[in-house]
Amino acid sequence: MPRKVIGINIDGVLRDMHEQFDKVYRKAFIKNDSLVEMDDKYNYVPESDPTDEDMKKLELLIDEKIHLPVDTYDLMNHYHFDSREDYSKFIEDYSLELFGAASAFPRAFDTINRLQYFGEVNDLFDVILISTEKDKAIAATYHFLAKGGCKIKNVKFLKEYYDKWEYCDVVVDDCPAVFENKPENKISVRINHPYNVYSEVDYSFNSTHDLYNEMFLLKIFSPEKYEKQIEREKEKMRLPREEYKSPEVE
């Protein structure tokens, strides 16, 4: 029997796309080199001695074009573009900066590499990385994975968000549309962000690092082994089963 598959979305789970998008957008549409530069935290600082009027114009421009926090999935709700075509062109023109130079969430690559090892050693599941990036963003994404030390053997670039369910028994994602299209016999796992906390899912975690929990993995991929482990823990603690609380993740 083939092993089950856990699919891990790249953006929102491994790659901190929103932080990088904000940085690149500000450089492309807001920064005025004659007035300001950005510090390490992407805050504007004067390069010379701009007038109060100059700085006020800059602040108004920021207020006009950027609407934070990002609490919806569509970035066009938070960053101004004249059209969807302009948004797509921005993504294409800045693909390497957006997708290749972005930072990974803390310990995200270490976690997924451990997941793959655990699944293979215990003959429980395979891991694939999934994404809906296109064209130049695909090459930039491979650069992102390489610089992060990714060891995952299978990466799939799909056309639509819901296509992920065709390849995976379990999907770890941040996208509300993926959760809304989950088949009944599959399992959804959400990495929490402000824009997806109201989506209905089977399980959720506050960070990718929290995803690596052996009892949780046994529960969804091998209920028999999970029950046996529960029995062992119960015996160790010498508690009646009804008093024993499973170490699973909520």
Side-chain angles (χ1 to χ4, degrees), residues 7-44 57-105 108 129-145 147-148 155-165 171-181 190-199 208:
I8 299 175
N9 194 54
I10 294 175
D11 283 334
V13 181
L14 298 180
R15 180 166 52 199
D16 191 350
M17 181 62 184
H18 285 177
E19 178 181 311
Q20 187 68 5
F21 190 98
D22 187 82
K23 174 184 176 182
V24 176
Y25 182 92
R26 289 173 187 264
K27 288 175 63 177
F29 295 110
I30 293 176
K31 182 182 176 184
N32 184 329
D33 290 331
S34 67
L35 294 178
V36 297
E37 62 182 5
M38 287 190 291
D39 62 20
D40 292 340
K41 295 183 179 179
Y42 317 128
N43 297 314
Y44 291 102
K57 288 180 180 178
L58 183 67
E59 292 171 1
L60 289 173
L61 185 61
I62 293 172
D63 290 341
E64 175 188 341
K65 290 184 174 291
I66 300 177
H67 306 285
L68 302 178
V70 177
D71 53 9
T72 68
Y73 190 74
D74 188 351
L75 287 175
M76 282 194 67
N77 293 332
H78 305 281
Y79 296 88
H80 174 76
F81 293 91
D82 290 333
S83 65
R84 180 66 64 177
E85 289 73 21
D86 286 346
Y87 172 79
S88 299
K89 186 176 186 304
F90 172 75
I91 296 293
E92 181 74 5
D93 290 345
Y94 291 90
S95 287
L96 183 58
E97 288 184 71
L98 288 169
F99 300 101
S103 299
F105 289 108
L129 297 184
I130 44 181
S131 177
T132 54
E133 313 307 348
K134 300 174 179 63
D135 302 323
K136 294 179 181 178
I138 293 177
T141 294
Y142 277 120
H143 174 73
F144 167 77
L145 297 176
K147 74 175 185 177
V155 182
K156 288 187 178 296
F157 292 93
L158 307 174
K159 184 176 181 181
E160 302 291 347
Y161 294 120
Y162 49 78
D163 290 340
K164 300 171 185 180
W165 294 111
V171 172
V172 182
D173 214 310
D174 73 323
C175 178
V178 172
F179 306 136
E180 291 168 5
N181 289 278
R190 181 182 67 213
I191 301 300
N192 295 329
H193 295 284
Y195 52 83
N196 67 16
V197 292
Y198 297 107
S199 298
T208 306

**Prompt:** Hey, which of Phe21, Tyr79, Tyr94, Phe90 is the one that makes ring pair (Phe, Tyr, Trp, His ring centres under 6.0 Å) with Phe29?
**Reply:**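 Exactly one candidate clears the test, Phe90.
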Is any side-chain heavy atom of [Y] closer than 4.5 Å to one of [X]?
X      : Y      : answer
Ile30  : Ile66  : yes
Phe99  : Ile10  : no
Val171 : Trp165 : yes
Val155 : Leu145 : yes
Tyr25  : Lys65  : yes

**Request:** Indicate yes or no for a side-chain donor-acceptor contact from Thr132 to the backbone of Tyr161 under 3.5 Å, with no hydrogens or angles considered.
**Result:** no
**Asked** Is a donor on one side and an acceptor on the other found under 3.5 Å between the side chain of Lys23 and the backbone of Glu97?
**Response** no
**Pair Lys134-Phe157, side chain to side chain contact (heavy atoms under 4.5 Å, CB included): steps then yes or no** = CA-CA 8 Å; Lys134 300 174 179 63; Phe157 292 93; over 6 Å; no
**Prompt:** For Thr141, which of Arg15, Lys136, Glu133 qualifies under side chain to side chain donor-acceptor pair (under 3.5 Å)?
**Reply:**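 Option passing the side chain to side chain donor-acceptor pair (under 3.5 Å) with Thr141: Arg15.
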**Prompt:** So does Lys89 have more than 12 non-hydrogen atoms from other groups sitting under 6.0 Å from NZ?
**Reply:**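 Not buried by this count: 12 neighbours or fewer within 6.0 Å.
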**Prompt:** What pair of heavy atoms forms the shortest contact from His193 to Asp174, and how long is it?
**Reply:**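 Between these two residues, the closest heavy atoms are CD2-CB, 3.8 Å.
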